[in-house]
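Below, each value reflects all heavy atoms present in this structure, side chains not excepted, and no hydrogens, waters or symmetry copies. We name chains A, B, ... by the order of the sequence lines, and we start the count at 1 in each one.
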Amino acid sequence: MTTAPNKARLMQGNQACAEGAIYAGLRFYAGYPITPSTEIAEVLAERLPQVGGRFIQMEDEIASMAAIIGASLTGTKAMTATSGPGFSLKQENLGYGILAEVPCVVVNVQRLGPSTGGPTAPAQGDVMQARWGTHGDHPVIALCPNSVQECFDLTVTAFNLSERFRIPVLFMLDEVIGHMRERMAIPDPGELEVSERKRTALPPDEYVAYAPVDDTLVPPMANFGEGYRFHVTGLLHDETGFPSNSSSVVGPHLDRLHRKVERGLDEIVMVEEIETDDADVVIVAYGCVSRSAAHVVREARAQGLRVGLLRLITLWPFPVDAVRRVAEGARAIIVAEMNLGQVLDVVKSAVEGQVPVYGVCRADGEMIAPDTIREKVEEVL
Amino acid sequence: MFAEIEQYFRTNRLPHIWCPGCSNGIIVKSIVEAIQKAGLDQDKTVIVSGIGCSSRATGYLNFDTLHTTHGRAIAFATGVKVANPELNVFVITGDGDCTSIGGNHFIHAARRNIDLNVILFNNNIYGMTGGQYSPMSPTGAKGTTAPYGNIERPFDICNLAIGAGATYVARGNSFHTHQLTDIIHAGIANKGFSFVEALAACPIYYGRKNKQGSAADMLKWQKDHCLSKEAADRLPLEKKEGKILTGVLHNVSAPEYTEQYDKIISRFKEANSNA
Ligand SMILES: Cc1ncc(C[n+]2csc(CCOP(=O)(O)OP(=O)(O)O)c2C)c(N)n1
Ligand code: SF4
C-alpha cells in the first residue's frame, strides 16, 4: 500500500477491523457471509493475498471456526467474522479452541435476535452468548469497540491477547459500529504493539505440549510441520495433550484454563471512565450506546449535574472492580444497553445492593438515543 | 513386520482402545504403509480426525495430529492445508462422522479439489455411541435406533464424492490390505481431493446386531463380496451381480485449490518486488 503514514482516512468500522487484523499479523481468514459483518470478509478477500495471506469462503460458520483453528495450529494468525446466527453455529468449535488453547479472533457484529431476527437492526444481544454460548465451564475474553478508530486498534489488542493467553478472543461489535464511517488514522508499523505467541524453546523430544513453563500458566507452543509431532484434542487431556478422564487430571486442567486468564486480568480488563470521580449517577454502557451516554454526560455536566460514564471496553472477564469502584461514591447506576438486561444483571450482582441499579434497555432494533438515557438520569438524580 | 512401520506409531499410547476383532487397526496399518511407500516427510504430515471409534486413530499415530469435533475433521484440515500448503494432510473419519454431520464439509472440500487425503472407515454403523444406524447402513440393517430394520437408503459415498468433484476416488476393504495400501498410496500421488472408502468390520455392534458372525466371518464376507474393478472389467455381467467394486473408481486431474490461490498471491509478490 502506498498510503502515507498516519494519513487521516474515512473508514467504515468493519473495514477498520479488517485492516487492524492485517496490522496485527492476520494471514488466514475463513468465513461465511452474514449481515452486518460481510464487509470484513469482502475487505479481507481483497487484502489478504496482497500481503501473502489467504482467504477462504467456507460452506458455513461451523466450518469457518474449524478452519481458523486448523490454520492457527500451523502458526498462522487466523480470524473469522460473523453475526448472531453464525455466532451460534460457531459455539461448539469455539469451545474446542478454548479447551485446546488455540489463539484466534472471532468477530461478532451483533444484530437483533433471536434466530434470523433483524439482519440490519442494531442490537447488543449476544453478551451472554459470548460468555456462556459454548457448553461447560470455561474462561472467555470478549472486547467491545465504540468507534472506527477503536475497531482498528482494539482488533490489534484482540490478536495480542489471543496470542498471549492462547485463547480465542471474541470481538463484539454492533451493527452501528460496524457500519458507521468515521475519520481515523492508520497507525504506522511499529506504532502499536503486536504480540506473538510464546514459542517453545525445547527440542521435540523434550516438548510437553500443555506443560506451562512459567507463572503465566500459558504453555509455549510449537507449530504443526516443525517436527514436534504433538497431539491436539477437544477431549479433556493431561499435560502431554492426550485424553484423560481421571478427575485428578481434568480438574486441574480446567482450573489452569481459568487461572491463566485470571492472572492476566490487569492486562485484559479495560474500561474508559468519563467524569466518574465525583459522579452521583454513573451510566454503564458499551459499544454504540456508550456514544449516546457520553453525550448525556457532557450535557449534564454543562448544566452542573454530576453524571459520569463507565464504558466497558472488555465485556468478559467482566470489569467487576471498576463497577464497584464507581458505585462507591454514586447514588445510582444506570445500565444502558440494547438488550433486555444482560449486563444489567451482572452489574447488579457486582454491586451487591450497595447502590440502586436501573436499566435503560431496548431490544427493538432502534438505537438508544441520548434523550432516553437523559430521562432516566433526571428520574434518579 | 511391525518394526518396519513402528516409527509411525506412538508406541507408548498402545495398546489401542478398539474392541477385539475390530478392523480399524488393519486400516490404520495400510495408511501408514502408504505414507511410507510415498516417502512423505513424517514431520510435514498432519493427520486430522473427527469423533468416532476410527477417529481415535490420531492418538496412536506419530505425526502432528488433530482430533477434532464430530463431523468437522475436513473443515479443520482445510484450515491446516490452506494456511500451510506444504503440509501433507490426511483425514481419518467414520461413516457417520463424514456422511452425516460432516456431509456438507465433505462435498465442499471435494468441490474445491483441495489437496486432502480422506480415508473413510465404513463400518456401516455408529460404533462409538453404541450401534445406531448410519447414513451408510444398508436398507434393512438393524441398529439400536433401527430395531425393525433400517428403512432409509444408504449413500453410495464414492459416487457422491465423484459427483461433488473429487479428483481421486477409490474403495478398498480390510481384508484385501495390499490393495487398500495401494489405493491410499495412489491417492497421495493425486494432487487434489483424494477419497478412499475403506470397508471396515465392527463385529461388536454391526456384526452382532446383524448376525454377521465372528470378526473373521466379517472379513471373509468382505473377501467374498468385494471384486476389484480391473477384474470386474473382464467378467460377464452375471458374475458381477451383488458385488462391491473395489480399486480406483475415478482418477482425473483438475486445478487444485491451494495452487490456484498461490497464483493470486504470486501476482502481488511480483507487483511488490517491481515496485
Ligand atoms: C455434535 C455431536 N453429536 C453427536 C456426538 C456423538 N457421537 C460420537 S461418535 C458418533 C458416531 C460415530 O460414528 P462413525 O462416524 O460411523 O464412527 P465409528 O464410531 O463407527 O468409527 C456420535 C453420533 C458428538 N460427539 N458430537
Ligand atoms: S465398537 Fe465397533 S468400530 Fe468401535 S472399536 Fe468396537 S468393533 Fe471397532
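- A side chain to side chain donor-acceptor pair (under 3.5 Å) with A/Arg54 holds for exactly one of B/Asp262, B/Asn84, B/Thr258; it is B/Asp262.
- Between B/Asp64 and A/Tyr228, the shortest heavy-atom distance links the atoms OD1-C, 3.9 Å.
- Side-chain atoms of B/Arg72 do not come within 3.5 Å of backbone N or O of A/Ala66 as any donor-acceptor pair.
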Walk me through whether B/Tyr261 and A/Ile56 qualify under side chain to side chain contact (heavy atoms under 4.5 Å, CB included).
CA-CA 9 Å; B/Tyr261 203 93; A/Ile56 185 168; over 6 Å; no
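- Considering only heavy-atom pairs separated by less than 4.5 Å from chain B, the leading option among A/Leu235, A/Val51, A/Ile69, A/Thr233 is A/Thr233.
- In this structure, B/Tyr257 and A/Phe55 approach most closely via the heavy-atom pair OH-O, 3.4 Å.
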Could you give me the CA-CA distance, side-chain angles and deciding distance for A/Asp60 and B/His105, then say whether side chain to side chain contact (heavy atoms under 4.5 Å, CB included) is met? CA-CA 9 Å; A/Asp60 59 33; B/His105 310 310; 3.6 Å; yes
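- For the pair B/Asp43 (side chain) and A/Glu226 (backbone), a donor-acceptor distance under 3.5 Å is absent.
- Taking the side chain as every heavy atom from C-beta outward, B/Phe76 and A/Leu73 never approach each other to under 4.5 Å.
- Contact annotation for A/Phe224: both backbone and side-chain heavy atoms come within less than 4.5 Å of a heavy atom of chain B.
- When each of A/Asn223, A/Thr74, A/Ile68 is scored by its heavy-atom pairs under 4.5 Å with chain B, the top score falls to A/Thr74.
- Atom CZ of B/Arg10 and atom CZ of A/Phe230 lie 9.5 Å apart (nearest 0.5 Å).
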